[in-house]
Amino acid sequence: MAGNEALLTVRNVSKRFYGTQALDDVSFDLAAGEVHTVVGENGAGKSTLIRILGGIHEKDSGEITIEGTPSEFTNPREALNAGIVIIPQEMQLVLDATVAENVMLGEIPSKKWLGFIPVLDRRRLREQAGEVLRKVNYHGSLNISISRLTFAERQLVVIAKALLHQAKIFILDEPTASLEQREAERLFEIIHSLKTQQVGIIYVSHRLDEIVELSDKCTTLRDGKVVDVSTRGHVEKENIIRLMTGRDLAELHQPHKLEFGETLIEHDNAISLRRGEVLGLAGLLGSGTTGYLRNLLGAGENAVAMNLLGDEIQLKNPIAAIKHGIGMVPGERRHALIYDLSVRDNIVLPHLSEISNGWRLDLKRIDKLVTNLIEALDIRPRDPKKLVRLLSGGNQQKVVFARWLIGNFKVLLLDEPTHGIDVGAKARIHRLMKEFTERGGGILFASSEMNEVVNMSDNIIAMRQGEIIATMSRETGEYSEGYLREALGG
Amino acid sequence: AAGKTIGVALASDTNPFYIVMRKGIEIQAKKLGWKVRIVTANEDVNKQVNGVMDLVAQKVDGILISPIDAIATGAAYKAAHDAGIPIISIARGSKSKYQTLFVAMDSKQIGRDIGDWAAKKAGGKGKIAMISGPPGSNVFKDLADGFKEAMAKQSGMKIVYEQTGGLTRERGLNQAEDILVAHPDVKVIYAGNDEIAMGAGQAVATAGKKSNLIITGLNGVPPALKAVMKGSIDMTVVVSPMVWGKLGANIMNDYLSGKKHKQKIFIKHIIATKGTAAKYLPPKRKK
Amino acid sequence: MTTSKENQTIAIGALPEANEKRFTVVAVLDQMPLVALVLLCLVTAILSDRFLSPINLTNILLQASVMAIVAMGMTYVIISGGFDLSVGSIVALSGCVSAWVMLETNVPLGIAAGIAIGGVVGYLNGYIVSRLKVNPFIATLGMMVIVRGAVLLITDGRPIVGEDGLPEIFLELGSGRFLGIHYLIWVPVILFIIFSWLLHMTAYGRRLFATGGNREAAYLAGTQVKRVVTSAYVWCGILGGVAGVMLASRLQSGQPTAGEFYELTSIAAVVLGGAALHGGVGKLYKSMIGVFIMMVLANSLNLLNVHSYWQRVAVGLVIIAAAAADQIKSRRN
Amino acid sequence: MTTSKENQTIAIGALPEANEKRFTVVAVLDQMPLVALVLLCLVTAILSDRFLSPINLTNILLQASVMAIVAMGMTYVIISGGFDLSVGSIVALSGCVSAWVMLETNVPLGIAAGIAIGGVVGYLNGYIVSRLKVNPFIATLGMMVIVRGAVLLITDGRPIVGEDGLPEIFLELGSGRFLGIHYLIWVPVILFIIFSWLLHMTAYGRRLFATGGNREAAYLAGTQVKRVVTSAYVWCGILGGVAGVMLASRLQSGQPTAGEFYELTSIAAVVLGGAALHGGVGKLYKSMIGVFIMMVLANSLNLLNVHSYWQRVAVGLVIIAAAAADQIKSRRN
Ligand SMILES: Nc1ncnc2c1ncn2[C@@H]1O[C@H](COP(=O)(O)OP(=O)(O)OP(=O)(O)O)[C@@H](O)[C@H]1O
Ligand SMILES: Nc1ncnc2c1ncn2[C@@H]1O[C@H](COP(=O)(O)OP(=O)(O)OP(=O)(O)O)[C@@H](O)[C@H]1O
Ligand SMILES: [Mg+2]
Ligand SMILES: [Mg+2]
């Protein structure tokens with residue numbers, strides 16, 4: 001089904017950000033009607049390649065041709081005009097604008113009053129926005145501000161926004177990172193229909209099952225270099241992992257565990273988390289899992305009363321939570337990281353009081369702690385003084401996680417802890433979760449990836465609209481992805 | 001004493017009074033064959049002290065200063081003194097013991113004179129509104145106090161409104177508009193300087209009240225003199241900054257050539273009214 | 001894949017309802033600045049019987065006219081995500097240039113020159129901010145000082161009035177009326193209509209909001225963000241120019257010291273009207289409400305003959321109180 | 001899980017090299033403000049032989065001392081993500097309060113009162129910004145007007161000097177020396193050491209940076225963000241108080257109009273020094289470089305006898321040019 005005519009050719013493209021060779025002599029081909037996937041570890045250069053194609057970054061050297069004509073874009077507008085449409089990795093929306101306005105941002109419709117006064121055509125704006133939003137299964141209001149949508153709902157808006165344009169080349173940079181399967185499958189349908197319209201598609205993801213399913217061709221990047229190009233039929237998960245990371249890697253499955261310790265947290269007789277337990281929270285889009293975790297931390301809309309190790313407490317803010325040994329990895333990295341601070345400062349932030357001598361920071365101790373953590377989590381580059389802003393997304397996520405491995409935390413609240421990180425790092429975070437529970441901690445864990453929830457959790461709570469609708473336990477059998485999906489009614 | 005370099009430290013470079021004074025000094029200095037180095041301070045005392053120190057660092061032969069504050073500039077006078085540089089105050093004076101000479105204006109007296117003139121003109125009866133100059137400096141406070149002193153002697157006159165603020169025409173206009181609303185029967189409007197007076201004059205003219213309302217100004221700049229002639233304001237005080245500037249330069253010259261003067265030299269101020277204003281206009285320049 | 005329709009309607013069905021419930025409360029909270037303004041008027045009207053007299057109301061409109069125009073431009077810049085500290089200097093510059101040119105040539109040319117020079121300075125601001133990427137605070141602070149210096153150089157520090165005053169027709173602009181209403185009031189009304197339309201009804205307006213709200217997102221959607229940002233400063237400069245010319249006609253002269261503190265006053269007015277300094281949020285009519293809060297306050301304190309020192313205290317308190325009241329809204333969201 | 005050692009060593013090995021390469025370019029770009037300052041000094045030294053004379057260098061230090069202290073406080077507030085327009089008024093207030101109290105009681109009490117009142121105003125700012133959530137621009141603009149009004153009320157608009165001037169010991173502070181160096185220069189040097197340590201070496205400092213850099217993230221990581229923000233304003237107020245007292249001793253009086261435009265000058269200095277107005281970025285020594293750029297510039301323009309109108313133009317140009325040069329760094333990122 002893949003077309004033969006070369007829609008896009010990339011030849012020997014390199015890009016250097018001082019200090020980092022992000023792309024090194026990369027070549028890449030895309031034919032019309034073809035899905036060409038790109039995989040690689042965090043920081044391998046996938047997004048950089050895409051940004052160059054979209055006119056966001058300028059390449060240092062190399063050549064790009066589209067349908068045989070050399071093309072060099074200096075801004076996104078030119079790329080859009082040439083039919084290159086991108087769904088960027090870092091979701092970019094105007095929070096103060098409405099859903100419809102965000103979708104239509106690139107092509108704001110105008111009409112003429114009295115034949116000469118241009119005015120906004122609000123009707124067309126709503127209609128066109130509504131049309132593409134329906135395509136992605138968004139059925140919410142068009143006139144509410146984006147800031148009131150959940151992260152996943154926003155992702156749908158971003159996809160709709162891209163579908164608005166007549167694309168020759170459609171590029172998706174980790175579009176499913178926060179979508180659960182139902183929405184993701186809807187997206188694949190869209191991709192298939194674009195394929196039949198002879199659109200060329202570049203698809204980046206860390207979810208390797210998707211990659212295997214979608215790829216007509218798959219390019220693997222490593223440290224900015226192309227290490228492999230496979231075609232459909234030869235794209236295999238294990239192979240990709242080896243190519244990406246240079247080693248074999250087995251996905252972690254939380255082994256069946258029968259014994260848990262004392263109850264750490266109990267809330268409403270519905271949720272109880274024991275020492276050594278991973279409790280999964282599963283829900284479809286907008287089910288309220290994020291809100292619930294924030295409430296537990298004391299940072300949400302409603303403070304919840306809960307029983308912590310026998311004490312009735314109601315946490316008023318994260319400070320209190322941290323004092324009680326509860327930490328959180330928020331679902332969005334931009335809520336977790338201080339981008340202008342170094343890796344080191346980000347990691348030690350919640351522990352500043354414990355690691356200072358009076359007022360003065362014990363820098364030696366901090367450096368030792370942080371260096372160990374960087375080593376343990378394989379945060380790259382191994383430079384504690386590097387600004388977090390300059391790290392790739394996956395490495396940033398590891399920094400957030402590293403924070404809660406210091407000190408004696410009893411409970412971790414994890415919201416999408418593996419959002420956007422590569423298989424290697426993901427396995428590492430899963431292992432860290434396991435180690436945390438082995439040391440007697442408990443984890444409350446929400447993820448939009450159902451198989452991740454099922455694999456990692458000992459017990460699962462299914463939520464819909466902030467309400468618990470079902471529970472599932474590894475001990476009682478009937479414990480599988482299919483079962484969970486059924487329970488959620490998805 | 002030709003070939004000297006004289007430093008000049010003025011309080012402001014946007015107030016027409018000092019702009020003209022500066023011209024006076026420059027004209028006279030040219031005649032005397034001096035170089036002039038000028039620093040200005042926008043009514044910021046600290047900046048003025050800094051400016052004088054910069055002059056001292058340049059080892060000028062003498063400094064003419066119009067101190068923003070009598071006390072606060074003490075450090076500047078001391079610095080000049082320590083470097084053996086004579087420092088002469090113009091218009092505003094200093095309490096510093098290091099002040100060489102003072103070419104003085106008696107602000108309080110000017111205020112009194114304005115008050116007496118206005119009281120006489122108003123026939124000793126009526127309400128008074130004051131749009132005074134900026135707070136914080138003694139000159140404008142003394143002017144206003146002198147005016148109030150004069151009014152206190154008049155049993156029939158009462159101050160119903162007083163505001164301090166910037167010396168701009170816009171402020172005169174806006175405040176006078178509000179005064180005419182709040183006190184439609186106001187008889188005298190005291191203005192902190194000519195710009196304020198002219199703004200007030202506009203408001204009063206627009207309201208059609210000019211015939212029985214008195215507006216006083218201060219400084220005697222040409223546009224104000226013309227306004228007095230036209231009758232849109234009633235008087236201004238000619239303090240003649242041009243003459244002051246020249247005089248300041250001359251006295252510095254005398255001092256440097258060893259001629260003695262009294263410690264304090266007063267300058268006359270003249271009240272210009274409709275009949276007399278034309279006399280004080282500078283001769284017309286040809287283009 | 002099974003996509004059950006009802007399920008979806010439930011999931012999102014919660015939102016519109018919530019919307020309606022919030023409607024009344026939010027509507028009032030959203031109009032907090034208007035409430036503040038009405039309150040201010042009420043209190044003054046009770047304390048002074050002169051406040052509601054036609055002449056005083058005309059005064060307020062006249063006094064607000066120049067600031068209203070400046071605040072319109074400032075609204076554009078603030079929505080674009082910047083601000084403009086140089087606008088006060090622009091007012092002075094264009095007033096003086098306009099007076100000077102009209103004395104040398106004729107009135108229309110003078111007015112045009114005044115407005116044009118405002119646009120030029122605005123363009124420079126925009127260039128420095130969007131192309132040289134200098135922080136707006138620093139860029140326009142620098143420009144504020146430069147332009148003030150330029151005005152003083154042009155005028156030699158003295159008002160420009162000419163030998164026999166500015167031309168009569170021009171002065172007529174500052175005091176004359178049309179249909180019983182001052183020209184000086186007509187101008188902002190007409191500009192308000194035009195610039196409301198431009199801001200709220202056109203594609204350009206949407207791009208401005210988007211650029212201010214999230215520059216990166218707008219850029220990726222193909223918006224020419226640099227051009228949009230520059231345009232906001234140009235509008236601000238042009239409107240500052242119009243304000244300067246109007247002020248010159250009102251003051252019957254080009255005043256080199258005019259417009260001082262206009263930048264702070266207008267920013268305060270715009271923010272009081274609910275615009276966000278981080279950009280992307282604002283409404284033109286609300287900025288006008290902000291202007292009226294500032295202007296009515298000044299007028300009322302004068303009418304009540306509050307001592308000028310106390311006036312400052314009162315102005316500061318009202319600014320903070322109005323802003324704090326407006327924050328209740330955001331906290332409820 | 002197998003973590004191959006070579007793999008890691010490769011990753012580590014790659015770094016130092018890259019770092020070293022970056023060192024020269026980035027290091028220079030990072031020190032752009034310093035380069036600007038050195039350039040400024042060089043040019044002036046060539047044009048005026050008096051510039052490097054000991055008396056002039058002392059002058060510069062003396063002239064910079066008050067602004068340096070104000071800029072330290074401003075650095076804290078800007079790092080916290082706000083700014084403080086009221087600091088100029090605070091300088092005036094604490095100078096006057098200090099003069100007044102010392103005339104009524106004694107010198108130490110007077111100094112303490114001046115500094116304390118600065119801290120109180122700072123606390124109010126912090127409260128309004130962090131608890132009432134008023135935008136810092138509006139909050140501190142309002143406070144700037146209120147405090148200025150309060151100063152004028154306290155002093156009745158006149159400088160405070162007392163019958164026979166302020167106490168001798170206090171005046172000694174403004175003109176005396178210790179080890180040949182003016183007290184007025186010692187104070188900022190000592191404060192600089194203390195506040196550098198506090199900012200860059202303590203847990204509190206990290207929290208301040210974190211809060212300014214990303215308030216939400218800092219909050220979720222257990223920082224008491226409101227308290228941290230408030231503290232920044234308190235420091236700014238206290239340092240403004242110290243500056244006010246020092247200025248009073250230099251001016252031998254409490255001046256109600258002192259400190260005007262200090263807010264803008266100090267913000268400009270801090271931003272020139274590389275701090276970001278959105279918060280979370282800044283270094284104390286760099287702010288001092290910013291202060292010296294402003295101060296050396298003023299001094300040099302005076303030495304070169306540049307007309308005051310041209311001085312404004314020059315100051316504005318240098319501010320913009322320095323900021324633009326500093327942006328080259330960010331663009332390379
Ligand atoms: N603007 C930038 N400045 C400096 N370095 C950058 C910049 N953008 C990316 N890099 C670096 O370039 C490398 C490649 O980054 P890129 O974002 O392309 O990775 P990626 O493959 O998309 O990773 P991820 O899976 O985490 O999204 C990384 O080392 C990153 O730190
Ligand atoms: N500020 C708000 N105002 C109104 N509704 C909101 C607001 N924030 C969230 N919601 C709604 O509340 C619901 C639950 O949101 P929450 O973020 O907890 O869901 P979630 O399960 O984590 O979703 P996702 O899987 O998309 O991350 C969503 O339907 C969302 O639209
Ligand atoms: Mg990426
Ligand atoms: Mg969520």
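This structure is a prediction, so every number in the text was calculated from the model and none was measured.
- In this structure, A:Gln397 contributes its side chain and A:Thr418 its backbone to no donor-acceptor pair below 3.5 Å.
- Counted by atom type alone, D:Arg207 and A:Ser353 present one or more donor-acceptor pairs between their side chains at under 3.5 Å.
- For chain A, the nearby parts of D:Tyr219 are the backbone and the side chain; heavy atoms of each come within less than 4.5 Å.
- A donor atom on one side chain and an acceptor atom on the other are found under 3.5 Å apart for A:Thr290 and A:Asp415.
- Looking at A:Arg403, the atoms closer than 4.5 Å to chain D (heavy atoms on both sides) all sit in the side chain, from C-beta outward.
- Residues D:Phe195 and D:Trp235 bring their aromatic ring centres within 6.0 Å.
- At a 4.5 Å heavy-atom cutoff, the contact between A:Leu337 and chain D is made by backbone atoms alone.
- With a 4.5 Å cut-off on non-hydrogen atoms, D:His200 does not touch chain A at all.
- Side-chain contact check for D:Tyr233 and D:Ser130: no donor-acceptor pair (N or O, by modelled atom type) lies under 3.5 Å.
- Heavy atoms of A:Asp362 lying under 4.5 Å from chain D are absent altogether.
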